[in-house]
Every structure is written in structure tokens, then in C-alpha cells.
Amino acid sequence: MIVPLYGTIKNFIAIIMINIKFPDGNIKQFESGITPFEIAQSISEGFARMVLAAKFNGAEWDISRPIDEDGEIALYKWEDEEGKHAFWHTSAHLLAEALQELYEGIQFGIGPAIENGFYYDIDPGENTITSADFPKIEKKMMELVAKKEEVIRRDISKADALKFFGDKGQTLKCELISELQDGHITTYSQGNFTDLCKGPHVPTTAPIKAVKVLSLAGAYWRGDAERQQLVRVYGITFPKKKMLDEYLTVLEEAKKRDHRKLGKEMELFAFSQNVGQGLPLWLPKGTALRNRLQEMLTNIQRRYGYLQVITPHIGNKNLYVTSGHYAKYGKDSFQPIHTPEEGEEYFLKPMNCPHHCEIFRTSPRSYKDLPLRYAEFGTVYRYEQSGELHGLTRVRSFTQDDAHLFCTPEQLKQEFLNVMDIITYVFSKFGFDYEAQISLRDPEHKEKYVGTDENWEKAQQAIIEACQEKGLKAKQVTGEAAFYGPKLDFMVKDAIGRRWQLGTIQVDYNLPERFELEYTGSDNQKHRPIMIHRAPFGSLERFVAVLLEHTAGHLPLWLAPEQVVVLPISEKYNDYAKHVVNELDKCDIRAIIDERNEKIGRKIRDNELKRIPYLLIVGEKEANAEEVSVRKQGGGDKSSEKITTFATEITALVADQIKFESN
RNA sequence: GCCUGUGUAGCUCAGAGGUAGAGCACUUCCUUGGUAAGGAAGAGGUCGUGGGUUCAAUUCCCACCACCGGCUCCA
């Protein structure tokens with residue numbers, strides 16, 4: 001719509017009005033050329049002050065960038081991902097600006113916002129940057145912030161961009177530009193720093209009130225291990241100083257929940273250089289914990305018709321040639337064990353599936369036998385690159401709570417749904433927040449996978465439909481599939497926000513093909529079964545790691561290696577304490593005594609810190625009355641009870657916790 | 001595997017070219033106590049491993065090993 005204004009012929013001025021639709025469906029008219037910031041102002045000044053980023057017709061948009069057509073707008077504050085993203089993206093540029101000022105001749109790679117903060121990849125040239133330089137960099141960033149520099153967006157032609165960055169010797173940027181389409185290239189500048197960037201950014205660096213350079217790391221240029229390695233500088237910024245302090249406190253707290261630290265403190269597991277890196281030693285308490293987890297899952301799986309099997313830790317090379325794993329991973333595995341006489345080659349078992357296929361083959365199968373569900377807590381060995389190893393989350397020997405389901409095409413969906421039920425049950429039991437991810441094949445690189453297009457299509461479709469049916473929100477990620485089939489993965493975060501894959505379900509048409517598995521159908525014809533690989537925990541190692549971080553070591557009663565500690569008021573009551581432990585032992589309650597010659601206050605403190613769920617204080621009063629004084633870990637409620645009453649209560653609590661109701 | 005960084009007592013850490021220190025834990029003794037640290041004494045370390053420089057190396061240099069944070073990878 002065009003509204004003429006003071007229509008002199010010489011100086012025709014027209015104001016073009018545009019319609020802007022808000023997320024709530026409201027439509028308002030504004031003059032063309034209005035910026036999202038001004039639109040926010042039209043709502044309220046206070047709101048406008050908080051707006052950091054916008055989306056216009058689905059495209060990310062600077063709040064200072066004019067709009068000249070009808071469309072839908074969304075405005076984002078700090079509380080929104082998009083708002084933080086713009087704030088941190090601008091902060092990445094600020095970091096780069098500071099680095100440019102401080103270091104002669106450095107080259108810039110890319111510098112995006114990430115989940116918590118941002119980074120910039122640089123080639124430092126002749127300079128060396130160490131963590132000792134962080135305060136200097138932070139100081140420079142704050143100096144630049146004080147200039148309240150405006151962030152300016154410019155369109156630039158490809159040729160001009162190549163010349164501009166080429167003149168500055170920014171060959172990495174030139175490489176990026178050369179792959180961009182002319183007419184769609186923009187730069188953002190603040191102060192003396194100009195970056196190739198598609199935005200969006202906050203209008204000035206002024207709102208950045210607190211900066212922290214967090215760490216340095218090596219990172220391959222464009223994620224390619226064949227190419228040069230850059231220095232990645234990580235940082236985070238906040239609009240308020242207090243928010244930075246809070247963030248740093250959270251980080252500190254998270255470190256206390258690190259499963260490696262807790263595993264040591266709680267005497268659950270250990271590593272030894274003599275045994276070898278990535279090879280965890282499960283200590284008695286850790287083993288007890290692990291066994292309990294296995295027991296829980298075994299019970300659930302029995303209800304779902306799983307059959308427990310056991311297979312050897314090594315397998316003939318031919319087994320893996322048949323499965324295709326040899327061709328794919330043979331070179332990157334622990335190398336084969338050779339027999340001294342016959343010259344045979346055996347591999348340490350890197351997965352259980354081929355063994356389970358062989359179990360399937362041990363006798364002719366009828367459709368009436370299916371589904372067959374073989375489960376095994378199978379310990380496998382994988383050569384992980386040394387730099388990859390990480391506590392219990394990434395190891396070279398681990399135990400999968402594995403199972404392989406062989407079924408008919410008609411049964412596939414129901415079996416898949418049942419597995420989803422088991423996994424979601426397990427995760428909810430432990431209160432894990434998970435993200436589901438459908439891992440699909442990369443259609444651009446089919447050579448990385450085995451199997452026919454048709455089978456891949458079927459398998460991927462089956463997973464997508466199963467998620468829809470269950471109403472499970474799952475992100476689809478191409479290129480993340482296993483080489484033999486697509487997966488539905490369940491990811492859980494650790495204490496500092498790293499995502500780890502725990503549960504997984506994989507549909508596989510290929511292994512049955514390779515192992516020539518078959519069953520006789522009702523039509524008396526041979527048919528090929530479909531295989532489902534699945535593991536709710538993923539591995540006991542990784543699950544325990546995430547469980548520790550999630551609970552900060554405060555394991556639920558049924559899992560706690562020690563459920564009760566008895567604290568005698570003085571050594572005179574040690575015998576009574578032993579009596580209490582014996583009584584509890586009769587009810588399968590795991591109890592220990594603190595017999596040290598210490599005051600009760602001291603014993604309470606030390607045992608509170610050991611995260612044992614119940615502390616029982618016993619002295620003269622209790623000994624005379626066959627009672628215990630109960631103190632719940634964490635300074636909870638206290639009461640005096642008969643030993644038998646306490647034992648009954650604990651038994652009931654545990655029974656309730658391990659109860660499984662299938663739906 | 002690659003890039004930073006780190007490696008000293010069981011744990012957390014300090015230290016310096018002249019063969020090592022604290023706190024906690026541990027042992028013994030005193031104390032025998034009522035809901036988050038009682039007191040004293042003692043023991044404990046080839047300073048990650050192997051070379052080199054030096055009159056002298058745990059300290060400086062080199063290599064290796066392990067670990068941390070990332071990258072790449074993850075059946």
C-alpha cells in the first residue's frame with residue numbers, strides 16, 4: 001500500500017506501509033524500513049531494551065536491520081536461545097577483534113556461538129597463545145566494549161570480498177568465500193574488525209558486561225583431520241557480571257559431580273597404567289552396583305520374553321569377515337590374536353551381534369519361534385584412539401546390555417515399540433532427561449554403508465513411524481547411522497553438558513542377509529528375519545558414569561553399595577552395633593559400622609559425606625530398648641525405632657524401588 | 001591419532017639447580033562422648049618413566065608414558 005504525502009512533483013515522497021505479523025497472530029502496520037528494534041519499541045521501551053535478535057519470515061535477522069516487506073516477525077531476548085546466540089556470536093567477533101589487536105598476523109577461521117558461549121578458530125602464525133594470556137585478552141575485550149562500537153552489516157560482492165580478505169592475508173576466509181554464492185555474501189564490522197558473516201548480531205557490543213576466556217584447544221580446519229590444526233579459543237560473555245559469577249559457580253559445582261572423581265571417592269572403579277589405558281577395574285562396591293543394575297534389567301527383559309545367552313570374548317576372524325565388521329573396522333581394531341600352531345586369527349570381540357546370529361543358526365527356525373530375543377551382558381573390546389578415552393564414558397573394554405531380536409517383518413514394529421518402552425522406562429526410573437535422535441544414513445556417501453537402498457529405506461521408515469506412534473520427539477540426523485543400519489539413539493547429558501549416547505535401538509536387514517539367517521514361514525517357504533540391536537543402558541560403564549553425575553553420587557537406596565551405617569556413641573556400644581548389623585543382614589540390608597574411636601559428631605560428619613542413605617546412632621538408650629536412632633543422609637528427619645521396624649521399612653522401600661510394572 | 005596443559009605422600013596441593021613440605025586420610029596413645037571436624041605422637045614420597053646438560057637434577061633440555069580440555073573418530 002502506498003500513501004502519498006505532500007505530493008510535490010519535484011520531490012515525491014512516499015511512505016510505504018508494511019504488515020508485520022506477530023507470533024500471537026496479531027498484525028500491525030509499520031513504515032517500510034522499520035527495524036525489529038523499533039518494532040519492539042512500539043510494544044514497550046523496556047521490552048526493546050531486552051531484545052537481542054529477531055527472525056523475519058523464518059530468516060535470522062539483526063534487530064537493527066530494516067524490513068521493507070510484509071512478513072512475520074519473532075523477537076528474542078536473552079532468555080531465548082536465539083537471543084543468546086546473537087549475543088555470543090557478536091562476542092565471538094569481539095574476541096576476534098581483541099585477538100587482532102593483540103597478535104600480529106593471525107588468521108581467522110570460523111567463530112560461532114555454541115550452547116554455552118562461543119569460540120573462534122585462529123591460526124596464530126608466529127604468535128603463541130597460552131592460558132596465561134587470558135586476562136590480557138579479556139582486558140582487551142572489555143576495552144573494546146567500552147568504545148560501544150556499532151556492529152554494521154554490509155552486502156559485498158564475491159570479488160570484493162575475495163579482494164578485501166585477500167589483501168588482509170586471510171586465506172582461510174578466502175577459502176570460505178570461494179564456496180559462497182555471489183549476491184549472498186555479507187560482512188559485519190565493528191571498530192577495526194570486519195568478518196565474513198551471515199549474522200545475526202546485536203547492534204553494538206555495549207551490552208556485553210562480563211567476559212571470560214575459558215580454554216584453548218586444537219581444532220582441525222573445517223573439521224578435517226587431514227587439514228591444518230587451528231587454535232580454538234573458547235569464551236563466554238554475559239549481559240550482567242553476576243550472571244558470569246553464577247555460571248562459573250555452576251561449572252565448579254559440576255566438577256564436583258564428575259564421575260571420575262566420584263568413582264574414586266566412592267571406591268567404585270579405578271584405572272591402572274599397568275593394566276592399560278581405557279581398561280576400567282571395577283572395585284567391589286562398583287561391581288555390586290553394576291550387578292544390581294544388571295539384575296534390574298534382566299528382570300524387566302525376562303518379562304518381555306528375552307532369553308539370556310553367553311558368548312566368548314574372542315571370535316574367529318571369519319566371523320567378522322562374514323558380518324562385514326572386518327572390512328569396516330579390521331584395521332582400526334585391536335589386532336588379531338594368532339594361534340601358535342594352526343596360524344588362525346582371532347579378534348577380541350568388538351560386538352556381540354555376529355555371535356548372536358550364530359546362535360540363531362544353531363537350529364532351523366519356524367515363524368512360530370519368532371520373535372527370538374537373545375540378551376547378553378557382553379563385554380566387548382574396541383581400540384579407541386588414545387585421545388578419545390574419557391573416564392568410564394569412553395573406554396576400550398566395556399559391557400553392553402546387549403540384545404538382538406530376530407523377528408518377521410510383521411512383528412518388527414511391535415518389537416521396536418516394546419524396546420522403546422523398556423528404554424523409556426529405564427530412563428524415567430533414574431529420572432534422566434534424554435534427547436532422542438534418529439540417526440540416518442548419509443545419502444551422499446552410500447559407500448560408507450552396507451545393504452540395499454530398499455532395506456535402508458524400510459528400516460529408516462520403520463524407526464520414524466515408531467517414534468510418531470509413541471509421540472516421541474526425535475531429531476533426525478543424517479550421517480549418524482551405523483554402517484549396517486539406522487538407529488534411534490537416546491542421548492543424556494553429563495555434569496558439564498556433554499552429550500553421551502546411552503540407549504540405542506537399531507534396525508538391521510543386513511546382518512541376517514550376510515549370515516543367511518532364515519526361518520520357515522506359514523507358507524512353508526524360507527524367509528529372512530529382521531534383526532533389532534538394542535541396549536537401554538548402552539554400556540554399563542557409560543550408564544554408571546552418567547548415573548553418578550546425575551545423582552552427584554547420591555545413589556537411590558536400592559543401588560547404594562552401603563545402605564546403612566551404624567554409629568556407636570562410644571566404643572562401649574560396638575557390640576550392640578554389631579548386633580544391629582546382624583539383624584539388618586538377615587533382611588538383606590547392606591550395613592556397616594563406624595567403629596572408630598571418635599566422637600559421635602565426628603562420625604556423623606564423616607559418614608554424611610560418604611553419601612550412605614541412613615545413619616543409625618546407637619548408645620545406651622538404644623541398646624536397652626533394642627532400638628536405633630535413625631538419621632537420614634542429608635540431615636533429614638530423625639526418629640527412634642525398633643531395629644525390626646526400621647528393617648521392615650527399608651525392605652519395603654527397596655521393594656517399591658525395584659518393582660517393575662510393565663505397561 | 002592431532003593441538004594446549006598437567007604429572008611431588010592414599011587424596012587435595014605448595015615448593016626450589018645443593019637429594020622435599022602442608023592439610024586431610026592412616027597407625028598408636030589419651031579421651032568414652034548423644035546428631036556435621038576432641039587432643040597428642042608417629043609412620044608414609046626412587047618428586048610419572050628413560051636419556052642428556054651439570055661438580056650436583058625432582059627442578060633445565062629431549063624422548064616416551066599417563067591424565068585434563070578440545071578436535072577427529074565412535075561397530
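For B:U35, the base has a donor-acceptor partner in the side chain of A:Ser629 [N/O atoms by modelled type, under 3.5 angstrom]. No hydrogens or angles were tested; on distance alone, a donor-acceptor pair under 3.5 Å links the side chain of A:Gln229 to the base of B:C2.
Distance CG (A:Asp442) to P (B:C74): 12 Å, rounded to an integer number of Å. As rounded to whole Å, 12 Å separates atom C1' of B:A66 from atom NZ of A:Lys264. A:Arg382 places its CZ atom 19 Å from the P atom of B:G1, with the value rounded to the nearest Å. Across the protein-nucleic acid pair, A:Arg499 atom CZ and B:C73 atom C1' stand 19 Å apart, rounded to whole Å. Put simply, OH on A:Tyr573 is 8 Å from C1' on B:U32, counting in whole angstrom units.
Here A:Ala225 lies in heavy-atom contact (under 4.0 Å) with sugar-phosphate atoms only. Across all strands, A:Glu598 comes closer than 4.0 Å to base atoms (heavy-atom distances). Base contact: A:Glu571 has a heavy atom under 4.0 Å from a base atom.
A:Glu620 has no carboxylate O lying under 4.0 Å from a charged side-chain N of A:Lys572, or vice versa, which leaves the two without a salt bridge. Comment: A:Arg382 does not engage A:Asp332 in a salt bridge, judged by the lack of any side-chain N to carboxylate O separation of less than 4.0 angstrom. A salt bridge is absent between A:Lys493 and A:Glu549: the closest approach of a Lys/Arg side-chain nitrogen to an acidic carboxylate oxygen does not fall below 4.0 angstrom. Under a 4.0 Å N-O distance rule, the pair A:Arg222/A:Glu175 qualifies as a salt bridge. In this structure, A:Asp606 pairs ionically with A:Arg596, as a charged nitrogen and a carboxylate oxygen lie closer than 4.0 Å. Here A:Lys578 pairs with A:Glu595 in a salt bridge; the nearest charged N to carboxylate O distance falls below 4.0 Å.
For A:Arg232, no side-chain nitrogen or oxygen approaches OP1 or OP2 of B:G69 to under 4.0 Å. Contact between the side-chain N/O atoms of A:His390 and the OP1/OP2 oxygens of B:C67 is not found at any separation under 4.0 Å.
In RNA chain B, stems built from 3 or more consecutive Watson-Crick or G-U wobble pairs, each with both distances under 3.5 Å, span B:1-3 with B:69-71, B:5-7 with B:65-67, B:10-13 with B:21-24, B:26-30 with B:38-42, B:48-52 with B:60-64.
B:A22 and B:A14 have their P atoms separated by 16 Å, given to the nearest Å. Straight-line distance between the C1' atoms of B:U46 and B:G7: roughly 16 Å, to the nearest whole Å. To the nearest whole angstrom, the two P atoms, one in B:A43 and one in B:A57, are 28 Å apart.
Residue ring and base: A:Tyr329 counts as stacked with B:A75 (centre distance below 5.5 Å, interplanar angle below 30°).
Taking the six-membered ring for Trp, A:Phe334 and A:Phe347 have ring centres at least 6.0 Å apart.
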